[in-house]
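For reference, the structure discussed in these notes is given below.
Keep in mind that what you see is a predicted model, and the values were worked out from it rather than measured. So you know, we letter chains A, B, ... as the sequences are listed, proteins then strands, and number each from 1.
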Amino acid sequence: MQKYKAPPGTHDIFPGAAKWEENSAKWGEIESEFRRLCRLYGYGEVRTPVFEQTDLFVRAVGTGTDIVAKEMYTFIDRGDRSMTLRPEGTAPAIRSYIENGLYGDGGVTKLFYIGPIFRYERNQKGRYRQHYQCGLEALGSSEPDLDAEVIQFALSFYKAIGIERLNLKLNTVGCPVCRPLYRKALLEYAEPLLTDMSPDNQRRYIENPLRMLDSKDPHDQELLKDAPNLIDFVCEECSSHFQRLQSLLIELGVPWELDTRLVRGFDYYTKTAFEVQSPDLGAQSTLCGGGRYDGLVQELGGPTTPGIGFGLGIERALIALQTLSQESTPRTSVEAFVVTLGERARASRAVLLSDLRKSGISVDTDYSGKSIKAQMRAADRAGSRYAVIIGDNEIDSGSAQLKNLETGEQVEVEFGSLAEKLIN
RNA sequence: GCGGUUAUAGCUCAGUUGGUUAGAGCGCUAGGUUGUGGUCCUGGAGGUCGAGGGUUCGAGACCCUUUAGCCGCCCCA
């Protein structure tokens with residue numbers, strides 16, 4: 001039995017992996033598609049450290065949240081500082097925005113990131129202790145136009161990679177003016193029912209009352225059927241923001257589902273909250289989550305700056321994509337494979353490989369001195385379209401045998417014109 | 001943190017009520033073709049049966065412990 005394994009809840013990403021969420025070629029496709037859209041929408045990349053001082057996350061995400069209470073990878077470094085592997089992407093991006101003064105020119109600053117996220121959780125399908133998110137943050141405008149654009153970005157990303165079946169869930173979670181009023185009303189409503197509710201909801205009543213609403217317990221749902229709705233409590237400003245956003249989404253042709261029970265896990269969200277879910281994913285169906293956070297930049301010590309963003313899970317996107325796709329798992333391949341016979345051919349191989357690569361042709365070869373038959377098999381397995389065969393005869397004549405492995409055709413080509421021939 | 005379930009070759013899995021030397025398919029490798037892949041045929045390598053302990057004349061199988069995977073709850077991407 002092997003001694004070392006990837007730590008619990010983590011996974012490798014490698015060439016040829018059968019599961020797409022572990023296949024490095026599929027990862028490349030996702031990331032380059034995301035980057036392409038970022039260029040299209042005007043986002044610039046920010047890369048932040050994978051760890052930050054613990055207090056950044058406590059401050060941003062909120063003490064009462066599950067993430068801060070029990071899911072952070074926190075350690076004391078050798079300088080006696082408390083550090084935490086980032087459990088989400090927004091706080092570090094905002095920290096960097098403030099630290100580097102990226103709010104210079106008075107317009108909207110658009111940032112994106114791609115990187116690992118760490119949360120200490122029990123793993124299951126689509127849930128890891130280290131997973132990767134592509135995320136973006138748009139800072140400097142409180143206009144609902146920006147909300148609409150960000151949401152539409154997320155949806156067009158999924159469409160671009162080939163996921164069509166999606167549910168967009170939308171809600172407004174109010175702001176520091178109106179949310180406390182609602183919270184109070186909800187607590188008043190729930191208190192007499194509390195003894196009848198599930199233990200989970202009794203806990204939520206104390207820790208995070210709004211979360212009671214999305215309990216999956218049918219009995220809880222029955223009890224909360226007539227609970228007050230946040231949407232009836234939001235202030236004038238939040239309400240008109242939400243109205244405007246919805247009409248923009250109609251104009252953009254984006255369908256959504258109003259989910260008044262949608263509550264997200266971070267305390268920093270204000271007004272718009274949204275999730276993109278896939279009906280093809282299993283229990284962990286959320287592909288993307290995001291929302292507006294108008295108080296966060298100030299909370300973290302920057303100037304008063306509204307913002308909105310989202311994070312989307314790369315693994316979950318790939319899991320959903322693979323369940324929907326007929327496509328077989330991709331493998332890496334080269335255009336040509338050099339096969340040698342005898343010492344003289346082997347001796348001249350290095351220069352041949354080098355020349356072909358200089359011409360931009362991807363080539364590989366066998367490094368273990370196998371028989372020609374084995375080398376041909378290796379060429380086949382490498383997915384190569386051509387085999388370039390050289391032996392004593394070819395060295396003497398100054399030309400190679402070029403075999404098309406798809407058609408079986410074989411022609412003699414002078415060394416000097418091999419590259420040109422392979423390009424066509 | 002809670003619950004269910006699984007662990008045998010590189011991969012997918014067989015392995016009958018405990019009984020010789022633990023099997024198959026795929027993959028890998030060598031040959032059939034002393035210079036030609038994908039099909040076919042033949043041979044070969046590869047497993048302290050997740051780990052530790054126990055019951056037994058005898059354990060891959062039964063019991064306990066432990067570790068890990070998978071799935072669900074919680075929560076989230």
**Study point:** Under 4.0 angstrom between Arg122(A) side-chain N/O and C70(B) OP1 or OP2
**Key:** no
Point to revise | Distance-only donor-acceptor test (3.5 Å): side chain Asp380(A), base G38(B) | key: no
Review point. Considering heavy-atom distances to RNA chain B, does Leu287(A) or Asn123(A) have its closest nucleotide positioned more toward the 5' end?
Key: Asn123(A)
Check your understanding: So what does Gly383(A) hit on the nucleic acid, given a heavy-atom distance under 4.0 Å: a base, only sugar-phosphate, or nothing?
Key -> nothing
Review point. Which whole-number value in Å describes the distance from Lys403(A) NZ to G37(B) C1'?
Key: 6 Å
**Study point:** Closest to the Gln410(A) side chain, choosing from U36(B), C75(B), A77(B)
**Key:** U36(B)
Practice item. Give Gln277(A) one of three labels, base, sugar-phosphate or nothing, depending on what nucleic acid heavy atoms sit under 4.0 Å from its own. Key: nothing
Exercise for review: Check the distance between U66(B)'s C1' and Lys5(A)'s NZ and give it to me in whole angstrom.
Suggested key: 13 Å
Exercise for review: Scan every strand shown for a Watson-Crick or G-U wobble partner of G44(B), both distances under 3.5 Å, and answer none if you come up empty.
Suggested key: C28(B)
Study note, to complete from the structure: Using Watson-Crick geometry (N1-N3 plus N6-O4 or O6-N4) or G-U wobble (N1-O2, O6-N3), each under 3.5 Å, C73(B) is paired with G1(B)
Check your understanding: If you measure from the C1' atom in U17(B) to the same atom in U21(B), how many Å do you get, rounded?
Key -> 23 Å
**Study point:** Sugar-phosphate, base or nothing in reach of Gln284(A), heavy atoms under 4.0 Å
**Key:** base
Check your understanding: Quick one: do Arg35(A) and Glu33(A) make a salt bridge, cutoff under 4.0 Å?
Key -> no
Check your understanding: Looking at Phe274(A) versus Trp256(A), is the centre-to-centre ring distance below 6.0 Å?
Key -> no
Review point. Counting side-chain heavy atoms from C-beta on, which of C73(B), G69(B), U36(B) comes nearest to Ile372(A)?
Key: U36(B)
Review point. How would you label the contact of Tyr386(A) with the nucleic acid (heavy atoms, under 4.0 Å): base, sugar-phosphate, or nothing?
Key: nothing
Exercise for review: Ignoring backbone atoms, test whether Lys373(A) places a side-chain nitrogen or oxygen under 4.0 Å from the OP1 or OP2 oxygen of G31(B).
Suggested key: no
Check your understanding: Among the nucleotides G37(B), G35(B), A77(B), which one has an atom lying closest to any side-chain atom of Leu341(A)?
Key -> G35(B)
Review point. Does Arg204(A) place a side-chain N or O at less than 4.0 Å from the phosphate oxygens OP1/OP2 of C75(B)?
Key: yes
**Study point:** Contact under 4.0 Å: Gln124(A) side-chain N or O vs C73(B) OP1/OP2
**Key:** yes
Exercise for review: Decide, yes or no, whether a salt bridge links Arg59(A) with Glu299(A) under the criterion of side-chain N to carboxylate O below 4.0 Å.
Suggested key: yes
Point to revise | Touch class at under 4.0 angstrom, heavy-atom based, for Ala374(A) against every strand present | key: sugar-phosphate
Check your understanding: Side chain of Lys125(A), base of G72(B): donor and acceptor closer than 3.5 Å?
Key -> no
Point to revise | Interatomic distance at C1', C64(B) relative to C28(B), whole Å | key: 39 Å
Review point. Paired with G52(B): which nucleotide, if any, by Watson-Crick or G-U wobble criteria at under 3.5 Å for both distances?
Key: C64(B)
Review point. Should we count CD of Glu414(A) as having more than 12 external heavy atoms under 6.0 Å?
Key: no
Study note, to complete from the structure: When rounded to whole Å, the CG to P distance for the pair Asn404(A) and G38(B) reads 16 Å
Review point. Is the count of non-hydrogen atoms from other residues, nucleotides or ligands lying under 6.0 Å from Phe415(A) atom CZ greater than 12?
Key: yes
Practice item. Using a strict cut-off of less than 4.0 Å between a Lys/Arg side-chain nitrogen and an Asp/Glu carboxylate oxygen, indicate whether Asp259(A) and Arg261(A) qualify as a salt bridge. Key: no
Point to revise | Between G3(B) and C75(B) - C1' atom distance, rounded Å | key: 16 Å
Check your understanding: Does Arg129(A) make a cation-pi contact with Tyr120(A), if we ask for NZ or CZ under 6.0 Å from the ring centre and within 45° of the axis?
Key -> yes
Exercise for review: Measure the distance from CZ on Arg381(A) to C1' on C28(B) and round it to the nearest whole Å.
Suggested key: 8 Å
Check your understanding: Does Asn393(A) put a side-chain nitrogen or oxygen below 4.0 Å from OP1 or OP2 of G35(B)?
Key -> no
Study note, to complete from the structure: Contacts of Asp66(A) and Gly408(A) projected onto RNA chain B by closest heavy atom; the upstream (5') one is Gly408(A)
Exercise for review: If A14(B) has a Watson-Crick or G-U wobble mate with both distances under 3.5 Å, name it; if not, just say none.
Suggested key: none
Point to revise | Whole-angstrom distance between G23(B) and U16(B), as gauged at atom P | key: 14 Å
Practice item. With P as the reference atom in both, quote the distance from A51(B) to A22(B) in angstrom, rounded to an integer. Key: 16 Å
**Study point:** Pairwise C1' distance, G72(B) and C63(B) [rounded to whole Å]
**Key:** 28 Å
Revision key, fill the gap. Checking A77(B), U36(B), C75(B) against the side chain of His131(A) (C-beta onward), the nearest is A77(B)
Practice item. May I ask you to say what Gly342(A) touches in the nucleic acid, namely base, sugar-phosphate or nothing, with a heavy-atom cut-off under 4.0 Å? Key: nothing
Point to revise | Atom-pair distance (CD on Gln375(A); C1' on A30(B)), nearest Å | key: 15 Å
Practice item. In whole angstrom, give the distance that lies between atom CZ of Phe112(A) and atom P of A77(B). Key: 20 Å
**Study point:** Atom-pair distance (CD on Glu409(A); P on U36(B)), nearest Å
**Key:** 19 Å
Review point. Just checking Phe310(A): base, sugar-phosphate only, or nothing, at a heavy-atom cut-off of under 4.0 Å?
Key: nothing
Review point. Just checking Gly126(A): base, sugar-phosphate only, or nothing, at a heavy-atom cut-off of under 4.0 Å?
Key: base
Practice item. Write down the distance separating the C1' atoms in C62(B) and A45(B), rounded off to the nearest Å. Key: 34 Å
Review point. Does Arg203(A) put a side-chain nitrogen or oxygen below 4.0 Å from OP1 or OP2 of C2(B)?
Key: no
Practice item. Quick one: label Glu406(A) by what it contacts on the DNA or RNA (base, sugar-phosphate, nothing), any heavy atom closer than 4.0 Å. Key: base
Practice item. Determine the sole option in Phe34(A), Phe153(A), Tyr113(A) for which the ring pair (Phe, Tyr, Trp, His ring centres under 6.0 Å) test with Tyr43(A) is passed. Key: Phe153(A)
**Study point:** Spacing between Glu121(A) atom CD and C73(B) atom C1', to the nearest angstrom
**Key:** 12 Å
Check your understanding: Roughly how far apart, to the nearest Å, are C73(B) and C13(B) at atom P?
Key -> 24 Å
Point to revise | Out of G37(B), U36(B), A30(B), whichever nucleotide has its closest atom nearest the side chain of Lys370(A) | key: A30(B)
Check your understanding: Base, sugar-phosphate, or nothing: which does Leu405(A) touch, judged by heavy atoms less than 4.0 Å apart?
Key -> base
Check your understanding: Closer than 4.0 Å, any side-chain N/O of Ser371(A) to the OP1 or OP2 of G35(B)?
Key -> no
